[in-house]
There are 2 protein chains.
Amino acid sequence: MSPRAGLDLNVIIMQAAELADSEGLESVTLASLAKKLGVRSPSLYNHVEGLPALRSHLAVYGLQLLNEALSHAAGDAIGYEAVVRIASAYTGFARAHPGLYELTLRAPSLDNKEHERLADKLVNMFLNILSPYGLSEEEGIHAVRGLRSLLHGFASIEGHGGFGIPIDIDKSVAFVLHRFLAGLEKKKGS
Amino acid sequence: MSPRAGLDLNVIIMQAAELADSEGLESVTLASLAKKLGVRSPSLYNHVEGLPALRSHLAVYGLQLLNEALSHAAGDAIGYEAVVRIASAYTGFARAHPGLYELTLRAPSLDNKEHERLADKLVNMFLNILSPYGLSEEEGIHAVRGLRSLLHGFASIEGHGGFGIPIDIDKSVAFVLHRFLAGLEKKKGS
DNA sequence: CACTATAAACTAATGACATTAGTTTTGCAA
DNA sequence: TTGCAAAACTAATGTCATTAGTTTATAGTG
């Protein structure tokens, strides 16, 4: 309605995140975002350096939210219980924030620093909750990669509608985690 | 050089696939493809119904290649050995065909029939190689979903440069599969 | 062998988008 | 109050997909 819409990088990112999650990642354009904000698209360049930069900021924001959700879900737990809780939080996040989630995986051209820091934080959280399994350092990395891959795989395939059969996906996650973690334990006796 | 370039849906798909794998999925535009084919972009509409349709055709083509690669890798094997071989073929395919691979997961608006058929074929292949583990029908579904998710997760994260630490990714896959399959076996005694 | 219908290519035009340049306007701070 | 920096704007360019309408090659028919 007036000049001086009072924009701000944070406002822009929040609205863009909303767009990403409700309309899909590909619908986040400077044009659509500007319309949502009641502004002409060139005005956005006063706050963000272009579409790639916006996506990079969104990726970092998504990673922050994901980190918070997982930390909160894990609480002080470690081991099996923590893995189950984190898995639930992970798939829940991907369902609640499909656009944002998809972006967290993309290699970010900008904001490398913060993105890397958050990714590392995630890895360390996983390492921590797997510590009761008594894995070697290298095995720990393998296991964390496996856990991340498993959770991302489920989230990604579900997000793309890739599971046709009407069997509860959460049950599949629970089943697979149970067996994988059992396999991690089994090592002790072999 | 001349009218009548002798285009053809197959030629178009092959060149598009090449573009997707060498330049990235987002670089597959009708404009870039037309240039590669020595033709003006509207000419492509004589053979394909637009960019979304082209991507849908590419997805089906990618799934075909993936199916072939996995079938070939598995041969007649089942059980552990087959899983290891298929895993290697899967990650190898994703590395050799990053653009095509990414597309195989996308929900296809067109060509639903063929895409579904190929996706089902993949699921059945996985079910077959897991048959020695003596899982119930529902457990089999869970396990297949887990295996797909694991492989897709690794392929997808690797494809996006998400594994920072310089530890061999194939080793991680091998480790995780070993433990997961061990977990599947363990059931018999619990 | 000529001829014609069709399919394949073309040019021209439109509309969405990102981005840049250059201009106006507003609000805060001196 | 005034003036300046930031925030918004308009105008313009270039890329893309897509549609409409035109030309042309070629394959098949007489």
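All chains are named by letter (A, B, ...) in the order of the sequence lines, taking the proteins before the strands, and each is independently numbered beginning at 1. Reckoned from all heavy atoms, side chains included, excluding hydrogens, waters and symmetry mates. Everything quoted here is computed from the prediction, not taken from an experiment.
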Restricting to pairs with a member in residues 58-95 of chain B, which pass ring-ring contact (aromatic ring centres under 6.0 Å, His included), not counting sequence neighbours?
Y80(B)-H178(B), Y90(B)-Y101(B), F93(B)-H97(B)
According to ring-ring contact (aromatic ring centres under 6.0 Å, His included), does anything in residues 21-49 of chain A pair up with another residue at least two apart or in another chain? List the pairs.
none
For residues 14-23 of chain A, which residue pairs qualify under salt bridge (Lys or Arg N to Asp or Glu O under 4.0 Å), counting only residues two or more places apart or in two chains?
E18(A)-K36(A)
Can you pull out every salt bridge (Lys or Arg N to Asp or Glu O under 4.0 Å) where at least one residue sits in residues 84-98 of chain A? Sequence neighbours excluded, please.
E81(A)-R85(A), R95(A)-E158(A), R95(A)-D170(A)
Please list residues of residues 43-51 of chain A whose heavy atoms come under 4.0 Å from any atom in DNA chain C, ordered by number; otherwise none.
Y45(A), G50(A), L51(A)
Who are the salt bridge (charged side-chain N to carboxylate O under 4.0 Å, His left out) partners of R40(B), not counting sequence neighbours?
none
With distance as the sole test, does N128(B) use its side chain to make a donor-acceptor pair with the main-chain N or O of N124(B) at under 3.5 Å?
no
Whole-Å distance between dC16(D) P and R40(B) CZ?
13 Å
To the nearest Å, give me how far apart CZ (R55(A)) and P (dA18(C)) are.
10 Å
Expected list for residues 10-17 of chain B near DNA chain D, using heavy atoms below 4.0 Å, is none
What are the residues of residues 27-35 of chain B, sorted by number, that bring a heavy atom to within less than 4.0 Å of DNA chain D?
T29(B), L30(B), A31(B)
List in chain and number order the residues that pass side-chain hydrogen bond (donor to acceptor under 3.5 Å, both in side chains) with [X], two or more places apart in sequence or in another chain; answer none if no residue qualifies.
| X | answer |
| --- | --- |
| T91(B) | none |
| S149(A) | none |
| S88(B) | none |

Any side-chain hydrogen bond (donor to acceptor under 3.5 Å, both in side chains) involving residues 6-16 of chain A? Give me the pairs, sequence neighbours left out, ordered by first then second residue.
none
